[in-house]
There are 2 protein chains.
Amino acid sequence: MVCGPRGADQEITGLSPTAVLATQPLSRREAGKAERRRQIIQAARDLIRETGNAGLSMRGLAARAGVSLATPYNLFGSKRAIVVAVLQDVREFQERFSTLQAVDPLESIFAALDLSLQFYVGDPAFYRTLWSAVFDTSDGVRGEILNPKRDAFWRGLVLGAVRSGAIASEVDPDLLLRHLESVLRSVMFDWVVGEISPARLGAMARHGYALILLGAAADDWRGPLRARVLETQASLAAPA
Amino acid sequence: MVCGPRGADQEITGLSPTAVLATQPLSRREAGKAERRRQIIQAARDLIRETGNAGLSMRGLAARAGVSLATPYNLFGSKRAIVVAVLQDVREFQERFSTLQAVDPLESIFAALDLSLQFYVGDPAFYRTLWSAVFDTSDGVRGEILNPKRDAFWRGLVLGAVRSGAIASEVDPDLLLRHLESVLRSVMFDWVVGEISPARLGAMARHGYALILLGAAADDWRGPLRARVLETQASLAAPA
DNA sequence: TGGGAAGCTTGAACACGTTCTAAACTCCTG
DNA sequence: CAGGAGTTTAGAACGTGTTCAAGCTTCCCA
């Protein structure tokens, strides 16, 4: 059996600290706990930024956060849970994404993809560590790995494409979304293990998105998608 | 820097022991080494089969293989490299796959997919451990994770589909293959972390394959593929 | 056929994630 | 304010993957 934190607060495990703070009265004891949680996440983020995953030891983290070694285990349960908490706490996406507006519903999917990838490769040391945690299979800390708001955003994009008639109505949008995500995951995995350059990463992801969307597209929209497949294919052909 | 084994035999690292044995003269020292390598892989396979990854400790493995703790590190470099070696050593695929022959080139791709999945879910304790190693990002042991023969087999299937005209000639077969593999990887990942039942696993993979192939298909072949997409979609609709 | 040199094995050791115990501390309740 | 419940703390300890210095075995060349 995989165990969560040992305290009495399992129900809020994994929520970002601000979300906890937002939920009202919060006895003084709980407030102290939330504060410690915040310190730990903060220290973890700093350590990852400075040294990557290699420099993130539980002893060092505890020292940096000003708590004892056992405390992070009481509050989060495991090292991985802490990294996941850091991942969930990244909410800059929301702001960036809110500014993107495209007339073409398919265009906005590709724009969001580009934005995401720019985000990740723009801070490699940081996001390599975070994505490594995503691919970690060692324990059962999985629920809500990716920001729920972020998921909702993507789902909105796909549903928009369906509504606009770009995607055939017979295709299940959630399955389509899932396959798109699997392309992203796959590409990010290659990036994490260093098997793909940032340049190819973008082209590869776009190619996969275009191919899957082409499979799901309504007839009228197949032309531009096919063009996009060929275009990304060409950009991938140059460097062997 | 990630280091491989420290000995002078980096060039044969990762090759299966039988492949090493096949390369002739083999001084007495090399023979002993190959023998030890074989014993270690054998012991690892047995331990994984008996207890899963949890029971596979380096000390236990060394004891079982009748060598000292440091020896596996000298011969393989890391624990992960040993699991990868076990993975490469599984060559039953070849035999099973050689028996599959379908007239329809797309049909044979789906048949191969089913065969693969049956293989994995048929021995969950074993293959969950092995696939976990595939998703492990902790070190740089990556080259040729999957059996090269297996890759060649899949590539042959895709190229066959292209030659037969089922796949549009403008689509790059290698990119197509890669996206198909990313669907498989993604689905296997969900299986490893326990987020998908064996039943849904197959349907999900087929759906992804069908969608991608539909995107890449020549016009004449889009009908049956679209039917397959809808069919797998229906089978996924039942259990929420 | 010896002797030097390489390479391998070995047991000890390190750093890590994680858990445990007991003591100290902090907060809530009456 | 007193008591008691709930948490953090320090410290030690366990098992893990991995590495190191030292000794032993095997090879190769004179």
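Sequence lines set the chain letters: A, B, ... in the order given, protein chains first and strands last, and positions in each chain run from 1. The model shown is predicted, which means the values in this text are computed figures rather than measured ones.
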For dT18(D), take OP1 and OP2 only and decide whether either is under 4.0 Å from a side-chain N or O of K79(B).
no
Restricting to nitrogen or oxygen on both sides, can you table the protein-nucleotides 25-27 of chain C pairs closer than 3.5 Å?
| residue | atom | partner | partner atom | Å |
| --- | --- | --- | --- | --- |
| dT26(C) | O2 | R29(A) | NH2 | 2.9 |
| dC27(C) | O2 | R29(A) | NH2 | 3.0 |

Exercise for review: In plain terms, say whether R45(A) and E50(A) are close enough for a salt bridge, that is, a side-chain N and a carboxylate O under 4.0 Å apart.
Suggested key: no
Rounded to whole Å, CD of E30(A) lies from C1' of dA5(D) at a distance of 13 Å
Closest to the side chain of R36(A), out of dT19(D), dT10(C), dT8(D), is dT8(D)
In whole angstroms, the gap separating P of dT8(D) from CD of E35(A) amounts to 13 Å
Q | Heavy-atom side-chain proximity of L56(B) to V83(B) below 4.5 angstrom | A | yes
Checking F126(B), Y120(B), F189(B) against W131(B) for ring pair (Phe, Tyr, Trp, His ring centres under 6.0 Å), the one that qualifies is Y120(B)
Separation of dT18(D) atom C1' from I82(B) atom CD1, nearest Å, is 12 Å
Residues at least two apart in sequence or cross-chain that pass salt bridge (Lys or Arg N to Asp or Glu O under 4.0 Å) with R178(A), listed by chain then number, are D190(B)
* **Phosphate contact (dT8(D) OP1 or OP2) by N74(A) side-chain N/O below 4.0 Å** => yes
For L56(B), report the nucleic acid contact type (base, sugar-phosphate, nothing); a contact means any heavy atom under 4.0 Å. sugar-phosphate
Between CG of L61(B) and C1' of dG15(D) the distance, given in whole Å, is 16 Å
Show each protein N/O and nucleotides 10-14 of chain D N/O combination with a separation under 3.5 Å, one pair to a line.
| residue | atom | partner | partner atom | Å |
| --- | --- | --- | --- | --- |
| dA13(D) | N6 | R59(A) | NH2 | 3.3 |

Testing dT7(D), dG17(C), dT10(C) for proximity to the side chain of T71(B), the answer is dT10(C)
Side-chain contact check for M58(B): nearest option of dC16(C), dT18(C), dT18(D) is dT18(D)
Applying salt bridge (Lys or Arg N to Asp or Glu O under 4.0 Å) to D136(A) and not counting sequence neighbours gives none
- Does the side chain of Y73(B) reach to within under 4.5 Å of the side chain of S68(B), using non-hydrogen atoms? no
To the nearest angstrom, the NZ-C1' distance between K33(B) and dC27(D) comes to 12 Å
*Can you tell if the side chain of H207(B) reaches within under 4.5 Å of the side chain of H179(A), non-hydrogen atoms only?*
yes
note: Y73(B), atom OH; dT10(C), atom C1'; distance rounded to Å ~ 15 Å
Hits for salt bridge (Lys or Arg N to Asp or Glu O under 4.0 Å) against R155(B), two or more places apart or cross-chain, chain-then-number order -> D174(B)
Those residues at least two apart in sequence (or on a different chain) that pass side chain to side chain contact (heavy atoms under 4.5 Å, CB included) with S57(B) are R59(B)
